[in-house]
Each structure stands twice: as C-alpha cells, then as structure tokens.
Amino acid sequence: MKKLLAAVLTGVMCASLLTACGGSAPAASASTEAASVAAAGSESAPAEAAADSVLNKDTLIVGTNAAFPPFEYAGADGTPDGFDIALIKAVGEKIGKNIEVKDMEFDSLVASIGNKIDVAIAGMTVTDERKNMVDFSDPYYEAVQNVIVVKGSEISTADDLKGKNIGVQLGTTGDFIASDVEGAQVSQYNKGVDAVNDLLNGRVDCVILDTNPAKEFVSQHADELTALEGDGFGFETENYAIAMPKGDAALVEAVNGALKELKEDGTFDALVAEYINNGEVPEAEEASEEASTEAASEESSEAASTEAASTEAE
Amino acid sequence: MTIGEKFTAAFITEDRWQLYLKGLGITVEIALFAAIIGLVLGTVLALMKLSTTRNGKPSLVNYIATAYVDIIRGTPSVLQLLIMWFIVLKSSNNGVLVASLSFGLNSAAYVSEIVRGGILAVDNGQMEAGRSLGLTKAMTMRYIVLPQAMKNIIPPMGNEFITLLKETAIVGYVSLNDLTRAANLIQSRTYEAFMPLIGAAVIYFAVIKVLTLLLGVMERRLRRSDNR
Amino acid sequence: MITVKNIVKDFKNMDGSVNHVLRGIDYTIEQGQKIVIVGPSGGGKSTFLRCLNLLETPTSGDIIFDGENITDPKTDINKVRQRMGMVFQNFNLFNNLTVLQNLILAPVKLKIMNESEAKEKAMSLLKRVNLEDKANVYPSSLSGGQKQRIAIVRSLCMNPEVMLFDEPTSALDPEMVGEVLDVMKKLADDGMTMVVVTHEMGFAREVGTKVLFMADGIIMEENTPDKFFTEPKTQRLKDFLSKVL
C-alpha cells in the first residue's frame, strides 16, 4: 500500500525527486524542499546527512532474495543467511545501525528501495538501468554468469545458445543476457533452483546463473550437471554492490567507508573464506561432529555454513 | 521519471504492450482449458457423489469423489500447481497443458459442488417419473435431470470461470508468462512497479467486466425460458 | 397378477428412531381389478403403492408380479416398471421436453418402438384425451388437469399391464378433477388393471372392484364398494367415513 502511495505521489508531483521516503511515518510529509536539498547535495557529497537520509534511522531495513546461495539463502531457522547478510550486518555494526533483513522476490527489490526497504543486498549486479533507479555502493564482489548444462550437452559457446530454451531467475543478469539471445525462449523462474530443477526435468536446455549459486546448485547434482564458465560465452565480468536510495549521498558514503574498513581489517576476507571459498571445509567438520546421520549430502553445505554463521553471530 | 516516461517504459518501449497481450492470451488459454476439464470432471464427480447403492447407502465411488473434493479443497492451488509441475508431470514440456490440467483438476472439485447443487435443485419427482417409466437412472439423468440442472448450473459456473481466470495469476511460479507474470517481467526491466501492475490489473478487470456482463445477459435469457 | 406378501417398510428418522410405515401387508390384485385405496394421511397408502413398482424398497416381504419376485435383487426392475404405469400427485411431466417428447421419450429410448410408431401412438392417445393440439407445447403452459391427463397418456404409451395412481387429483383445482377422473373411468372401462390411492369417494364407489381402508400401516378393512361405504366394520373406518362423506 505504501508502495502504491509512494508511486502515486511521485506521479502527481511529476518529479524525479523520489528519494528515501524512509518507510517511516513522516515519509509523506517529508517536504519537497528537503528532497531537493538531498538531490542537489548528491553532487557535492556533504558530510552531514540530509534531513530525509536513511542514516537518520536507527534500523536499516535490508531487502534480499534468499534463493541465491552462498550469498543469501534461507538459514536453519528460516531467516535469510549467507555472505551478503553477514556482510551487511558487519556494515551495520560499522555505521552504528541495526539491521533488519526482509526476504522478497528479486525482481521487486529495486522498485522497493525507498518504500518497503532502505537498501538491498542480493548479489545484485551494477547495471546502467538499475543506476537510473538507485545508487550503488562500491562493488564488493566480482562475478561472471555461468551456464549450467546437463553433462554431455552440446552447448559450449554463445552460438550454441541460439534458439535454445534457457532457464533463468526473473530480473537477474542471466535473464537479461538470455533475453538478448537470438531465437532463444526464456523461462523466467522466481528462484534459480526452480530453473535448475526444470533443467533436470528436461524442460529447459540450460540455465544461466551467477557463478557462485550456479556452482552451489551443480554441486548438489554433480552426477548430472556441470557449470560452464561464462568466459567461453563472452559474458562480461560483473560487480555486485549494495543498492541504496537514489540521491542519499550520506548513506552511500557511510556504507562505502564501512566496506573499506571491513576490507582493511580482514573481516571481509574472513567472510569470503567462511561463506564462499571454503564452503566445503566446515561442511566436512560439522557434519562429522554433529549431524552425521542427518547431513543429507544435498543440504549439508547450506546447513553447515548456516551453523558456522550462527555460531559466529553468538 | 515523469508519469509519461513511466507509461512509455511500461508499455511502449521495446513493444512491451505485446508482452501483456501475449500474457493475457496465456491466461485465457489456461483458464479455458481448465474450465473444460473442470466441467467434464466436475460433472463426473458430482454424479459419483450422488450415486447410491441399491438400498440407498453411499457407494464406494461416492467416497472416492468425496475424498477427492476434500483433498483439492483442503490444499492451496499454488501447491497443487507446483506438485503437478515439479513432481507429477515433470517430464512434460507443455507448460500450458500442465497448468491447465492442474487448474482443471482443482476447478473440478468446485464445479462438482455446483453441479451437485444444480442436480439436487431439480425436483425429485422428475427422476421418479423417469424411473417409473422403466428408464434407467443414467438415462433419466441424461435426458431429464441434467438438462434441467443446467439452468441452475450455468450462472455459478460463470462465476467459477471468473475465479479461475484470476487464480491462474500464480502460473509465474512455474515460469509461464501469463498476464501477471508479464507485469512482473516488465517491472524487473523498468524497476518501476506502478505502471505494469496497475496496467495488468486494469486488463484483468476489463476482461472480467465483459464476462460478467455476458453472464448477466445469459442469466436473463435462462430465466425467461422458464416461462416458455 | 400382483401378490404382496408380508410387506414391511421402516423409515429411519433423522434422530435415529424408526418409523414403521407399513407393518405387514398381504394382498393379491387380480388381472382387470380396480383396487381403490383410501384412508387417513400417514396411514401408508402412498408408500404401499410406491412399493408395488419399487420406487420404495420394502424393508422386508415379497412382491410377486406375474409370477416373478420383483423384490429379488437379481430382478431387472426397469423391465418390470416398463409394464407398470404410474401417475403421480404432482404430475411430474418432464419440464424440459414438449408434450410429445414427454410421451415418446421412454418408448423410443427403451427401443420398444421406433420414433414414428411412438409418435403415432402418442398422437392417437392424445386425441382420446382431447389434447392433440397441445402436442408441441411445454408442460409449463398447461393447466393442472391437462398435465395430469398427459401424465396418464405418457404411462399408456408404454402399453402397461397395470396402472398405479398416487392421489392423481389431490393437487388439482376442483374444477379440473372431473376431466382427470373421466379419463381414469374410460381406462377402467377398457379393462385396465388399476390400483388407485385417492380421496375421491365417488370414484371409489363407482369404479372400484374392491376398496381398501389403510391406516396405521395395515389394511384395516377390505370390501366391495357398496358394502364398504354402507356396512363399515371397524370404528376407525366409521370415523373416517363420517369425516369424508
């Protein structure tokens, strides 16, 4: 409802001034004056936060799509967990904000910033189209799209994709790439794992997903599937960044500062090691220790990293 | 973005209006096939539910039909769709077929109640008169009771179809690009929710409004034919 | 022709108690007889009549029709019913069919006649009840008396050996009772075997071979019409007659 209200307001004002409404009660009453100050200030980047900056809130509402392992997935208790979640919590600590994570559809994240959520962290690639709507932090991770195929598939180059039925997650980079492939029929799913399931069911010929989740899904079906690196298909390297309300320069600055500190003090690398690179290591240890009978191979990697995360959180 | 730019982005750029149109086509296609499946199977279920043994006790088919209706009505249709898509018919490549079947099986449960009610509303004397002439139960049902029950059945069936048309909005879950999904898709491209969502809502509303008007006309005709 | 042996019919009420509608009926109806059944409502008359063609299944007892025990589950009851016509209190014409379609449906669908034979028979019977001009109208445009005459004709189209009448004039406006009774009398004169449940005492006296008095689920009294009305034996019948005559 609030989203609709915000959209209507924007239309009525015919303004491109939709800055952070902040989702709080005074959102509607936030004067256009304040908004224009913020918009104007985005160029000169003032040190103090504008009146309606998200920085004035105690709690940052963070949107994500918990179907993108290892960056975000549903943890053991059902709440989102993963590298991105740990990262934004660390950022929150640095800038003195509480973090509240909201799980939603990936394709609605960008449109929700400024009304339903304050920022989004969801392995989101920086693109020009998205930049029209939101501001991004400095990139925190480099990735490339992978093409998941059934073992023995003839698909190995960009040309092979033509005319194929390609599975993707709606609104992701893979979706955009697939939609541009000549003659291809694109099946958009709410979750990457659904696309992978339909690859196994033979409904799609391949699935285009970001490297890490692609590897994650393939590892669960190692006998049947394989993930091909995007370089062979001419996919460009992309950067993941945190999406924030357009024009909230103070917030961008604070978040970038926090990211920088986290990289310098080693926290960032520790998170990468824990969630991304060494995903298998804790799995082996934890599985043998606590969940020897229960650790079904399919979910153990997620469960294990979740456990590691919760231990760390305590 | 101004409202005009938003409109352009949501409908004009890259001929996006075609996506809504195609989406509407899928929506209507699924709803139509599902309605046909629902009508046929629902009638069979209704007859099963009405069947009795010679001494008037509920028969085995009666229990089967009752259980079917119970199960379908007791589970969310989106789950039924996912089960149909990912489990039961996972080897089928025809998404519209899978969705139609899923919604048809679902609708049949509701249709069976409509048909059953329509049949029960026909005076029992009609059945007795048919039986007293030596006609079998099936013959009397076919030539006498069902034609009269149609009058009671058609109006609520129209409502069921409208419900069905709206319920298909969940097929995006299984990557079918219906009207709702088309709106989602465009939202994921323009990062703007208002125009595509309101646009899709307006299209649904317009289609259903037309259907409702047609139904009204049909209902009046049926009522008039009572006096022939 | 029809022999009824110790028929019992119990209905279970909603609260689980049992209503004994028929408490053991023995009777034999001979070919050509016109049996008229009278009695207070709730006495079991209609239930008894409906048991004869198994529209109600007796709880126990046997019904022998033309040497065949029709209460035997192996009996093809549809075949039996083709030989027994039935006329209902509420006519029960098929509302979705025209008069002519009403008449020929059963003979044609049961392959007893082809369509043209059935139509020919139907039209000649309609002529006998002076309703041939109504052949192509729907029942809803007919008066009660017309409906009941057509219902009788519908049964006759099957060439039944016996006709059962379940209060055929009770739902009629008084001025229409005569036309229906006239048709029934004509039928009786033609020698049709008839079982009639009715409140028309005049008809009973005039047409009946035997008149039965049913009350409390049994046949309390049976007699020829003249003796039935002039020399009632039981107090119940005397009370009943004093009320209706």
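So you know, we letter chains A, B, ... as the sequences are listed, proteins then strands, and number each from 1. This structure is a prediction, so every number in the text was calculated from the model and none was measured.
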- Task: Examine whether an atom of R50(C) lies under 4.5 Å from a heavy atom of chain B, and if so say whether it belongs to the side chain, the backbone or both; otherwise answer neither.
- Result: side chain

- Message: Looking at R128(C), I'd like to know if its CZ atom is crowded, meaning that more than 12 non-hydrogen atoms belonging to other residues, nucleotides or ligands lie closer than 6.0 Å.
- Response: no

- Message: If you count heavy atoms of other groups shown closer than 6.0 angstrom to CZ of F86(B), is the number above 12?
- Response: yes

- When you measure from the side chain of N96(C) to the backbone N and O of Q148(B), does any donor-acceptor pair fall under 3.5 Å? no

- Look at N53(C), V80(C), V137(C), L93(C) and state which one has the largest set of heavy-atom pairs under 4.5 Å with chain B. L93(C)

- Nearest heavy-atom contact between R131(B) and N78(C) is NH2-OD1, 3.2 Å

- Message: Please determine whether the number of non-hydrogen atoms from other residues, nucleotides or ligands lying under 6.0 Å from atom OH of Y173(B) exceeds 12.
- Response: no

- Item | When M127(B), Q126(B), K137(B) are compared by non-hydrogen pairs under 4.5 Å with chain C, the top option | Q126(B)

- Rounded to the nearest 0.5 Å, how far does CD1 of I144(B) lie from CG of N102(C)? 7.0 Å

- Query: Given the rule in the side chain to side chain contact (heavy atoms under 4.5 Å, CB included) test, do N95(C) and D123(B) qualify, once you have shown the distances and angles that lead to the verdict?
  - Reply: CA-CA 10 Å; N95(C) 297 319; D123(B) 179 15; 6.0 Å; no

- Note on the structure: In short, K109(C) meets M139(B) closest at the heavy-atom pair O-CE, 3.2 Å

- Query: Can you tell me if OH on Y63(B) sees more than 12 non-hydrogen neighbours from other groups inside 6.0 Å?
  - Reply: no

- Message: Please give me the minimum heavy-atom distance between L133(B) and L110(C), naming the atom from each residue.
- Response: O-CD1, 3.7 Å

- Nearest heavy atoms of A129(B) and F94(C), plus distance in Å: CB-CE2, 3.8 Å

- Task: Could you tell me the separation between the OG atom of S132(B) and the CE atom of M158(C), rounded to the nearest 0.5 Å?
- Result: 9.5 Å

- Answer yes or no: are there more than 12 heavy-atom neighbours, outside E120(C) itself, under 6.0 Å from its atom CD? no

- Message: Other residues, nucleotides and ligands only: do more than 12 of their heavy atoms fall within 6.0 Å of NZ on K127(C)?
- Response: no

